[in-house]
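Every number for a ligand or one of its atoms is a count from 1 in the order of the listing. If you're wondering where the values come from, they're calculated on a predicted model, not measured in any experiment. One-based numbering along the sequence shown.
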Amino acid sequence: MRAEIDTFLEALERAEWLALSGRSDAAGVEAIYDRHAALFEPEAFHAVEPPEGDSRDDLQRAHLREFLAEGIEGHRTRDLRDAYLAAEATAVVEVDGERIPYRRMPVRIRQEPERAVRVTLDKARLKVVEKELNPISLETTLRKHAVAQELLDTDYDDYCARLSGVDFDALESRTAALLAETADPYDDLLAHFGRRALPGLDLREMWTHDLARMFHGEEFALLFPGEAMVPGIERMVSAMGLDLTAGGRIELDIEERQSKTPRAFCATVRVPEEIKLVLQPYGGHDDWSTFLHELGHALHFANVDPAQPLEFRRMGDNGVTEGWAMTFDHLMMLPSFLRRVVGISDPETYLRFAAFRELAALRRYSAKLSYERSLHREGPGPARADEYATRLSDATRARTPRQLWIEDVDPHFYCVRYLRAWMFAGTVHAALRDRYDEDWFLNPRSGPFLAELWALGQEGRVEDLARDRLGVESLGFEPLMDMIDERI
Ligand SMILES: [Zn+2]
């Protein structure tokens, strides 16, 4: 079965890479699932004994069970996945005679300085979400809820928590505390940057498209040139004692192609032998940050020990790989990185902005966790749309459209992975600073230290890595919050 799973994952990743990098038109997810349908029968899931403890063998079975359950969900919704991707790819928004592909809308909206135009664009985008995408997402959610009932006879919240081995209640009590503790500093930052980026707007009238405009950070665009990005980061990775291509296992694709997605991404076609890092360097802080994030994923997977079993190479707690990705994108919050790698002589204002942006994302995901738990326990309905708008608006202070209640939901509680990655990346930064100083990213000993941890793949969960490899007994948001506090 393991060999077949490896083949399936390779086909899926390769198809996605071909489609998103603009080399082919259709992803063909349905056909790939159909070729490997036997993997996604409930019998295959039930044949794997549930884990009983924390031994290596238990972890292997826990990862495999979670993968197979998610595979059954994927298989049962494969037609909807293709329908969603097709609807998203072909939808066109028409505003005042301008025809804009739906996928370009987020970029178009945040680049628009005129608020009235932004309002019209956002309305038109939400119409597509409500008419074309929400019916597909709703049906997808209902089918996934049915899988949870069928496999573990429980609701989707409890099912995901049990399969992942993560205590959702404990995490939610941490995010609730974080929302309360960071409310005042967040409001101060919002007032400060709101005045700069959205002059004349009463911030009580702020919508999510205004927030997107603010985080676009136009005033910082020239500080982060596109053409300097790859060479600058390549020099940094070499200084760490590593190689940007991991000995040729990472293929960097910076070529321009018509239908290539504007956002950088990493495809793990074969782990660790064939990792694709795809991007179009435009420049700007968001571009640098996304490249660093995807590079963290690529270096992690390209350095996994090939002798590790499939369950540790390709499955497991995705909080781990998201944590390595964030370890790299959080470099944007270090003054020494901005000075020495990006070449910004006075990074103070940007640093405060970067910390604000991180805090906003953290607050948004904290609210998403509580909302998604409610959605997956109570089930979909109009009350959920109200709850979504209330929770997200409270956390971000930006009015959030209720039409996004089923669109803005991470598959299989991926928000949990991000939240745990935030805690883990904060801990990793503290460990690297203790061992190799403030400028650890230019220290030739930091790379081999990280590579040794990457070699494990996703064998342990984030708390196991923190405890066993970094000597940190309990993971929390404190190290990350210290880093943010220093900047604001
Ligand atoms: Zn990521």
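- Remark: Asp410 pairs with Tyr365, Lys368, Glu372, Tyr414, Cys415, Tyr418 by the side-chain contact (heavy atoms from CB on, under 4.5 Å) rule, at least two apart or across chains.
- Between the Zn ion (ligand 1) and His297 there is an N/O/S contact shorter than 2.8 Å.
- When you scan the N, O or S atoms of Glu322 for the one nearest the Zn ion (ligand 1), you land on OE1.
- Separation of atoms CD (Glu486) and CG (Leu351) is listed at 10.0 Å; rounding is to 0.5 Å.
- For the Zn ion (ligand 1), the N/O/S atoms of Glu294 include none lying under 2.8 Å.
- For the 3.5 Å distance criterion, the side chains of His63 and Glu459 fail to qualify, holding no donor opposite an acceptor.
- Judged as a side-chain contact (heavy atoms from CB on, under 4.5 Å), and not counting sequence neighbours, the contacts of Ala62 are Pro51, Arg461.
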